[in-house]
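Single-structure report; data block below.
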Amino acid sequence: MTKIATWNVNSLNVRLEHVIDWVKIHNPDILCLQETKQTNDKFSHEAFDSIGYKSYHNGQKTYNGVAIISNKELQNVGSDIPGFSDPQKRIIHGLYPSRSLGLIHVVSAYVPNGQSLDSEKFKYKVSWLEAFNTWVKSSYGKSDHHILTGDFNIAPRDIDCHDPEAWKGNILVSQIERDLFDAIIDIGFDDSFRVLNKDIQKFSWWDYRMAGFRRNLGMRIDHILTSHSLKENLTTAYIDEDPRKLERPSDHTPVITEFR
DNA sequence: ATGGCGACGCAACGTCGA
């Protein structure tokens, strides 16, 4: 069994203890992190070494930053979308050598937020996702399996939003973003949570404001997309709400998928 | 729901996130 998880930690400076505690309890094979908000020299490889994990980080000050924590050494680690020049640190990826499944290409992605549909940041989100799609399409099939994880900042369907009527015309739920998400799926991926939980409404993020978590005003915007090659191997997919209940939590919580 | 939170940089409060 292989367990892979993704978690937007909203600053690893603040959340390192939560992450280490979570890894010790859940023992994932791979944990992908987003929004580390720290430069590579601040990233504590030692903290992960001490619990038996390799760690790979692509970060910057204040914003963005992504990492992969792995119980096996990754091969061919990269930290960009080839051909897409971007000063924002939103990608880290590598090959995970699975004993029984071969090489799994694992991506930890922090997709731009977009701010609002009429903003320059939304144009950046669209062009970023188009470049991401082109890259994923060109690399598809070059490894035995592919897993795209991260904070996609897209709620794929109305069921993934606590109040689709109130959010209509907003970022995270717009048809433009959902079409871009579906275009990635169409390359040959499954939304592993949705495949294994057909009609269940679960969220991975809740606004800090308005007592969002207590009132369950959430969205499912963090995803683990698995290549069709893994579809028959998928066993379990779930969202662990417990870290969101801790003191000083991230506004996101871990999303987990397991496969044989 | 359009805030009301929280992280950050920096030492007051503006910017950003989703």
Side-chain angles (χ1 to χ4, degrees), chain A residues 6-19 32-44 57-67 86-91 108-129 132 149-181 191 193 201-223 239 241 243-255:
Chain A
T6 185
W7 189 5
N8 178 326
V9 293
N10 186 20
S11 172
L12 201 53
N13 306 303
V14 175
R15 230 72 66 194
L16 180 61
E17 194 179 337
H18 287 189
V19 175
C32 297
L33 303 176
Q34 299 85 36
E35 282 207 269
T36 61
K37 297 188 177 180
Q38 61 188 192
T39 48
N40 287 346
D41 60 302
K42 294 279 195 300
F43 183 91
S44 179
H57 182 241
N58 177 32
Q60 67 187 98
K61 201 171 173 164
T62 314
Y63 301 115
N64 312 313
V66 285
D86 186 5
Q88 302 193 27
K89 308 296 191 184
R90 297 180 175 278
I91 286 284
S108 176
Y110 177 44
V111 177
N113 168 288
Q115 198 169 53
S116 65
L117 294 182
D118 57 0
S119 69
E120 285 300 315
K121 287 176 182 172
F122 190 78
K123 290 177 186 161
Y124 168 61
K125 182 175 194 172
V126 170
S127 59
W128 195 98
L129 282 163
F132 184 74
T149 81
D151 178 357
F152 283 74
N153 271 318
I154 300 171
R157 303 285 180 267
D158 278 354
I159 192 178
D160 301 311
C161 173
H162 68 92
D163 190 346
E165 272 309 308
W167 277 81
K168 195 160 265 182
N170 218 318
I171 55 160
L172 313 187
V173 303
S174 75
Q175 199 54 52
I176 297 168
E177 288 157 279
R178 287 176 171 176
D179 287 349
L180 287 161
F181 183 86
D191 176 350
F193 179 88
Q201 186 175 54
K202 288 283 179 186
F203 304 133
S204 64
W205 164 84
W206 300 263
D207 203 316
Y208 283 126
R209 296 166 292 187
M210 307 171 296
F213 182 62
R214 183 180 60 73
R215 298 165 61 204
N216 201 26
L217 306 178
M219 298 266 213
R220 193 175 68 90
I221 54 177
D222 301 272
H223 306 296
I239 297 176
E241 296 186 3
R244 190 64 175 79
K245 301 169 184 166
L246 297 170
E247 283 291 319
R248 222 181 168 192
S250 170
D251 47 352
H252 298 248
T253 210
V255 172

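These figures come from a predicted structure and were not determined experimentally. Proteins get letters first, then strands, A, B, ... in listed order; numbering begins at 1 in each.
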| Qualifying residue for side chain to side chain donor-acceptor pair (under 3.5 Å) with Thr6(A), from His252(A), His223(A), Gln34(A) | Gln34(A)
| Distance, C1' atom - from dT2(B) to dA11(B), rounded to whole angstrom | 30 Å
| query | Between Asn64(A) (CG) and dA7(B) (P), how many Å, whole number? | reply | 17 Å
| Gap between atoms CG and P, on Leu33(A) and dA7(B) respectively (whole Å) | 17 Å
| Given that Asn8(A) and Val14(A) both sit by DNA chain B, which one's nearest nucleotide is further toward the 5' end? | Val14(A)
Dump the pairs, protein N or O against N or O of nucleotides 13-15 of chain B, anything under 3.5 Å, distances to one decimal.
none

| request: Give one of base, sugar-phosphate or nothing for Leu217(A), where a contact means two heavy atoms less than 4.0 Å apart. | output: nothing
| Near-strand residues of residues 206-215 of chain A, defined as heavy-atom separation under 4.0 angstrom from DNA chain B | Tyr208(A), Arg209(A), Met210(A)
| With respect to the phosphate group of dC8(B), does any side-chain polar atom (N or O) of Asn13(A) fall under 4.0 Å of OP1 or OP2? | yes
| request: Report which part of the nucleic acid Gln115(A) touches: base, sugar-phosphate, or nothing (heavy-atom distance under 4.0 Å, all strands). | output: base
| Separation of dC16(B) C1' from Lys37(A) NZ (nearest whole Å) | 8 Å
| Looking at Val111(A), Ile154(A), Asn8(A), Asp151(A), which hits side chain to side chain contact (heavy atoms under 4.5 Å, CB included) with Ile221(A)? | Asp151(A)
| task | Between dT2(B), dA7(B), dG9(B), spot the one nearest the side chain of Lys61(A), thanks. | result | dG9(B)
| request: For the pair Asp158(A) and Lys168(A), find out whether any cationic side-chain nitrogen is under 4.0 Å from an anionic carboxylate oxygen. | output: no
| note | note: Gln60(A), atom CD; dC16(B), atom P; distance rounded to Å ~ 14 Å
| said: Could you tell me how far apart His18(A) (NE2) and dA7(B) (P) are, to the nearest whole angstrom? | reply: 10 Å
| Exceeds 12 heavy-atom contacts within 6.0 angstrom, atom CD of Glu17(A) | no
| message | Any donor-acceptor pair under 3.5 Å linking the side-chain atoms of Ser250(A) with those of His18(A)? | response | no
| message | Taking the side chain as everything from C-beta on, heavy atoms only, tell me whether Arg215(A) gets closer than 4.5 Å to Trp206(A). | response | no
| field | Test: Arg220(A) and Asp191(A) ion pair at under 4.0 Å | value | yes
| For dC5(B), does either OP1 or OP2 sit under 4.0 Å from a side-chain N or O belonging to Arg248(A)? | no
| said: Counting the atoms with a prime plus P, OP1 and OP2 as sugar-phosphate, which does Tyr110(A) contact under 4.0 Å by heavy atoms, base, sugar-phosphate, or nothing? | reply: sugar-phosphate
| said: Whole angstroms only, please: what is the CG-P distance between Leu12(A) and dC8(B)? | reply: 10 Å
| message | Students often get this wrong, so: under 4.0 angstrom with heavy atoms, is Asp163(A) touching a base, only sugar-phosphate, or nothing? | response | nothing
